[in-house]
Structures are given as C-alpha cells and as structure tokens.
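Just so it is clear: chains get the letters A, B, ... in the order the sequence lines come, proteins before strands, and each one is counted from 1.
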There are 2 protein chains.
Amino acid sequence: MGRPRLQDVAARAGVSLATASRVLNGSSRTPAPALVERVRAAAAELGYVVNAQAQALAKARTGLLGLVVQDISDPYFSSIAAGAQAQARPHGLQLLLASTDRDPAAEREAVDAFAAHRADAIVVVGTRWTGDDDAALAEALGRYAAAGGRAVVVGQPLGEAAVVRPPNAPGSRALAEALLGQGHRRFVVVTGPDRVVTARERADAFTAAAEAGGGHVEPAVVAGQFSRDGGYGAAAEVTRLARDGAGRPCVFAVTDVMAIGLIAGLRDAGLAVPRDVLVAGFDDIPTLRDHVPALTTVRVPLEEIGRRAVLVALGEADEAGEADPALATQVLLRESTGG
Amino acid sequence: MGRPRLQDVAARAGVSLATASRVLNGSSRTPAPALVERVRAAAAELGYVVNAQAQALAKARTGLLGLVVQDISDPYFSSIAAGAQAQARPHGLQLLLASTDRDPAAEREAVDAFAAHRADAIVVVGTRWTGDDDAALAEALGRYAAAGGRAVVVGQPLGEAAVVRPPNAPGSRALAEALLGQGHRRFVVVTGPDRVVTARERADAFTAAAEAGGGHVEPAVVAGQFSRDGGYGAAAEVTRLARDGAGRPCVFAVTDVMAIGLIAGLRDAGLAVPRDVLVAGFDDIPTLRDHVPALTTVRVPLEEIGRRAVLVALGEADEAGEADPALATQVLLRESTGG
DNA sequence: ACGGTGCCGGAAAGCGCATTCCCGCGCACC
DNA sequence: GGTGCGCGGGAATGCGCTTTCCGGCACCGT
C-alpha cells in the first residue's frame, strides 16, 4: 500500500533497476525502445512518482533553489520572487522560500536551513545592514559556498557571494537630474533608518546629484521605519520644513511605499501634493500605478532582477553591477512632482 | 574536502555513528552528557551541516511544505504566503513555493513536483475554475493524499482535500447590507471571467443580499480579466450605466485591484468617485490603504488564512468554512461609497 | 571464419542518515 | 552472592535511487 518504488516498476516491466532508472530519469544512456515502452507502461500503471529525495542523495544535486527575502508580502520582494520563479521553472528547479520579516538573524537561519537541504544555490534578496548584523550571514553563505554551493546576493556585496546590484545610485541620480530639469531646486530626502544600506545608497546618490546640479538639499529626514508607516511618520518633519522655508520643497522618499505613507501623512497635516509639497518615490510598485496624485518614481525592473539572480546562481549569467544595461531604470515624472 | 558527514563527526568524537546521530538529530534517547559534549564539539570543529535529504530518506519525512499560489506578485497571494511562512517556521518546516501564473496546468505540475519531493503537505491557494480545468489538479492531489500526503486547498473544495474557505459569501453579504444601510439601492457588480469561481461566489452572494434587502442589481458587468486591467476595461460599460439610469450606481468590484482599475477607468472617462459613481472592493489590500478616494472594501484576514491552511495541513486545526469565526471579515465603509 | 569494437542490460556499491537489535555493564532486589 | 532488569553504546540494515563496472552479444572489418 506504500508508494511504488522504482524497484517495483522494474519488476513489473521485467527489467533491472538500472534499466528502469535509465528510462525514467537517467540521461546518459537510452535503453532499447521496446524496454522503454514496457517501463513507461509499468510506471504509469503503478502510478509511480520518483522520489526526488533519494535522487538527490544519489546524485548530489537536489534541484532546489533557496530564495531568502525580507518580506514576501512587500511588493518589492514578491515581484523579485515572481521573476525568480519564472526563471526557475524552465530549469526544473523548485523554489525554497524564506521570508525573514527583516530580521538579520532569521536570514542566517534560513541560509543554514537551505544549506542543510542541500539547495543547489541560494539567493539572498534585500538590503544589507550597516554594523555587523551581516557578519553571521556572510559566514553562513561562505560556508555554504565553500562546500560547493552557489551563493548570490541581490542588494549589496557580501563576502564572496556573487552580487546583483539593483540600480539604486543610477536611478536616484537620474531622478535628481529629471527633477532639476523640471526646475526644482529645493530638495528634501526622506530616508530609512541608518542601518538600511539601500536607503542610504539612494539618499546619497540623490543628494550628490541634486547638489551637483545646483540644487539645495536640506538635511535628510530619517524615518523610523523603512515602510509606509515610516513615511507617514516623517510627514511631521516635512510639514515643518514646508512651512518654514521658501517655495515648495521637492521630497524624495527612498521607496514608493514610504512616499505613499508620506503623502497620507501630509494630507492629514493639511498639506496637499503637489500643491504644497512635491513628492517622488522609487521602485514603481505596480499596485500604486493608480495612486492619486500619480506618483513620480523610478521604475526598477524587479522581475528582471529576480530572473537575473537565478541565472547568476545557475552560472548562466554574470554578476550585475549598478550600471548593468539589462537592469536599467526609467524615471517616470508624474503629477506628484508637478506633472 | 567534501562536506563532513555524520560519520566523520562520530569518528572525531570517538563514538559510533548511532551515538552521533542521537546527539545531533535524534530524539528518542539521550546519550551521556560527556558524550554529548564531545560530539557537539566535534561537529562544531568540522563545521558539520546535517544533510536533510539523507535524513528525509531515512525518516520518510522531509520537513517541506509545498505552497502553490496563482501569482506571488499579487498582494492577495503574497499576504497568504506571508501567513503560511510565519506559521511554518516555528514548526521547522521549509516552504516550497510555486507561482503558477494562473495556469491550471502549471498548478498540477507544481503539485506533482512537490509530490516528487515528498513534501509533507501541500497547500494549493487560489480560486478554482469552472469546467474541468481542475480535474487534473484534483487527481494529482488525490494521488498525493492516497500516498500519505496531506492536501489542503484554500478557496473552493476540490476532491478529497481539506479546504479553508475564504469568507467570500459572508463578506459580500455583509458588504451589501452595509451599503443598503447607507441608503444605496441601485447596484452594479463588476465580476471576473465566468470561469473564476471566487469572482462568482462574491458576485452571487452580493447580488442575493442586495436584492433581498430591497436593492436593484443591474445585470453584471463581466470583466475580461480578473485583474486591475480587467477593472479598467469594465469602466466603459459602467460609464454607460451611470449615464443612463437614475441616481449614482453603487458598483461592487469583486476585488480591490479590479476596483482600483475601475476607478482609474472611470476617471479617464470623466466620471469621479464618489461624485458620479460609488465603488466598493474586496480584500483590503494593505498597499491600497492610502488610495484616493479611500476605498470601501471588505477586510479579509489573508495572513490568518495562510496560517490556518498550514495548521490544517499539519493536522493541528480543522478545516475552515466560510463562517469560521477566526476568519471573519470586516466591512470598511470609506469615501468611495460616500463615506 | 575469427578477433575486435561497440552496445546494452544487469549486478552491486554506494549516497548520508535513522533506527532496530543486540550486548555489556551496573544496580537493586531477593 | 546470584539473578534479573534497565540503561547506554555500537553494529548492521535499509530508506530509494544513480552509477560505475562487467559480461554477453551482435556486428564490423580483415
């Protein structure tokens, strides 16, 4: 009553285990057509389902790809995951997913768990942290790679792992230049907590480009969280700046979801966008396409980043730097910065 | 230079394989403290990482939980996935994820792949299809369950699998009643393609409740796709209805993302919400919380549904019907239906 | 006609671990 | 002081499959 084994299929087809294996799974040699037919028939009749675990043990390859993201319910990560999934399927890889809730310790645990499952490759997606939160993760990935696994990080470099760099700096620079082109000169950056490297990359590149282009950038507003609520919370400080200084400030919130929260907070404070304050975001989250006011943002090819990470993990593509043409951003100027 | 095996750890600690296994993984018996210490030390020195594949083969349990969703980049599914992940981790289960791009054939293939990997349980999330698109999936899940796997579907019942029913009908009924309570009487339902059972469940329950409460429900508008673009495309027909009849129609779009698309389409057609048309959605997608106008919708405990599905898969909870109190919906009346 | 060259099928040795069974020891009890 | 029992450690078996390796056969060339 248990599951049929390959042995059972072989017996029913009147062939050896080796032949059955060659017919159903093997690749190096192809048995005679008559045997192939018999084995296939026997397998079908028995409802045979290969045991990937046993196969993995024998072949030292599991067909598993570990994907570690910081929050799968965040559209940024789920878009990347969708791209990874799309690329994994045609390669016959199954995705092992871990969503870490932005906890560096959980990231490390996920990598260790995937290593235990002997995933053929591991892709870790998400911002690195300043300080030494990453040390344990780097070590875990290092051990994994030393044992023959392929490690890829999407975000910032970490240890020896191959890296796919989302175009944070180029995108932020392009955004600054586009806003300068619209005539804006007074900028405010709403960034995430200090330890979030991605937030810093975007903020720094934007600030540098804005100042290089003759703009004035106010001291950055540091949001308490790297999220919608963080953006909302930053509204108070932005409101103060808007009421103090001269002219409408043009605010760059380093992610779309922060920008959305910021706009909501401004509205609750009695300020309208773009009437009183201009706001731009980053990422071009699909669900926010119909936001009112339409949000100026930078489109990041998230799915493509996911696909690329998988290809790198498979050794079929090279690492991607911030300037990689396949991962180029696109600035989308919309109503929130004055149209 | 290969990975250390348990055998290597045992040798280094001067104990037998069995003892090492008992120390590091086993549970039935605990060796003497001195030995435990020696084995642990040896494992640490060697950098031993247990081979989950080998363990799975020997124990006939993999610690894998298969999760099949229709589109991981859709916030509906990614929220459920987040809940599933949160529930899986404390149980020491790893998530095997498949995103099928809403292709019934891909759903079946994913189930077969998970069965091959001997996942301890499989959860299939998403609407069923009318017609016999589901037959193959039902069969695959049936085979899997017959071989001892635990199968759970989130959505509509399918074969013998345990089912967690999102509260589509209760939520839709409650929404209709709330809208009636606001005084609305003229309703339009924007539903998805006929084959999408979830769309039909919501539309039917809403229609029945609205009519039972004395409302008038126009013939349903069938969107071409179960998505934002489907909602956008339905705007033309809704515009016609709004211009024809008497009074502002109150439109129920069966998902938030369709509602958002609809509102965008209406805007492009020159109609404002709620000035000319009222619109309500379903799901309460977090990212849309700051939409303007604020969207009347039905909050569905998506993460909780994900958690529950995992618990059912683990045999630690019972199936959940549409009226399950733990999965209750909440109607959120907001500006899009007149506040 | 004979030795040689491929092919093709089967037997068997693992892959890394859990687990059953067995054995030896020390203790309590009679 | 002897018997029985409990406990802790080790040898061996098997989980289901892949993959060498080997033997036999047919077919080729000379």
Please check: side-chain N/O of B:Tyr48 versus main-chain N/O of B:Asp8, any donor-acceptor pairing under 3.5 Å? no
Tell me whether A:Glu316 at atom CD has more than 12 heavy atoms from other residues, nucleotides or ligands lying less than 6.0 Å away. yes
Which nucleotide, [options], lies nearest any side-chain atom of [X]?
X: B:Val50; options: C:dG16, C:dC17, C:dG9; value: C:dC17
X: A:Leu17; options: C:dC17, C:dC15, D:dC17; value: D:dC17
X: A:Gln55; options: C:dG16, D:dC17, C:dG9; value: D:dC17
X: A:Ala58; options: C:dC15, D:dG10, C:dG10; value: C:dC15
X: B:Leu35; options: D:dG9, C:dG16, C:dG10; value: D:dG9

Nearest whole angstrom, please: distance from the [atom2] of [N] to the [atom1] of [X].
X: A:Arg3; N: D:dC17; atom1: CZ; atom2: P; result: 10 Å
X: B:Arg61; N: C:dA18; atom1: CZ; atom2: C1'; result: 13 Å
X: B:Gln53; N: D:dT18; atom1: CD; atom2: P; result: 13 Å
X: B:Asn51; N: D:dG16; atom1: CG; atom2: P; result: 17 Å
X: B:Leu24; N: C:dG16; atom1: CG; atom2: P; result: 16 Å
X: A:Arg118; N: C:dG16; atom1: CZ; atom2: C1'; result: 9 Å
X: A:His117; N: C:dC15; atom1: NE2; atom2: P; result: 22 Å
X: B:Lys59; N: C:dC15; atom1: NZ; atom2: P; result: 21 Å

Does a distance-only test, which skips hydrogens and angles, find a donor-acceptor pair under 3.5 Å between the side chain of B:Arg22 and the base of D:dG10? yes
Looking only at heavy atoms, which two atoms of B:Arg308 and B:Ala326 are closest? And how far apart? NH1-CB, 3.9 Å
Closest-nucleotide mapping onto DNA chain D: is B:Ala54 or A:Ala18 further toward the 5' terminus? I mean the 5' end. B:Ala54
Restricting to pairs with a member in residues 63-81 of chain B, which pass salt bridge (Lys or Arg N to Asp or Glu O under 4.0 Å), not counting sequence neighbours? B:Asp71-B:Arg102, B:Asp74-B:Arg102
Do [X] and [Y] come close enough that some side-chain heavy atom pair is under 4.5 Å?
X: A:Leu137; Y: A:Leu158; value: yes
X: A:Arg118; Y: A:Leu64; value: no
X: A:Val9; Y: A:Val23; value: no

Whether [X] contacts [N] is assessed here as follows: a side-chain N or O lying under 4.0 Å from the phosphate OP1 or OP2. Is that the case?
X: A:Asn25; N: D:dT18; result: yes
X: B:Ser21; N: C:dA18; result: yes
X: B:Thr19; N: D:dG10; result: yes

Five pairs at each end of the helix from C:dG4-D:dC27 to C:dC30-D:dG1: take the axis at both ends and give me the angle between them to 10°. 40°
For a side chain to side chain contact (heavy atoms under 4.5 Å, CB included) check, start with the C-alpha distance between B:Gln55 and B:Asn51, then their side-chain angles and the critical distance, and finish with the verdict. CA-CA 6 Å; B:Gln55 238 174 308; B:Asn51 185 331; over 6 Å; no
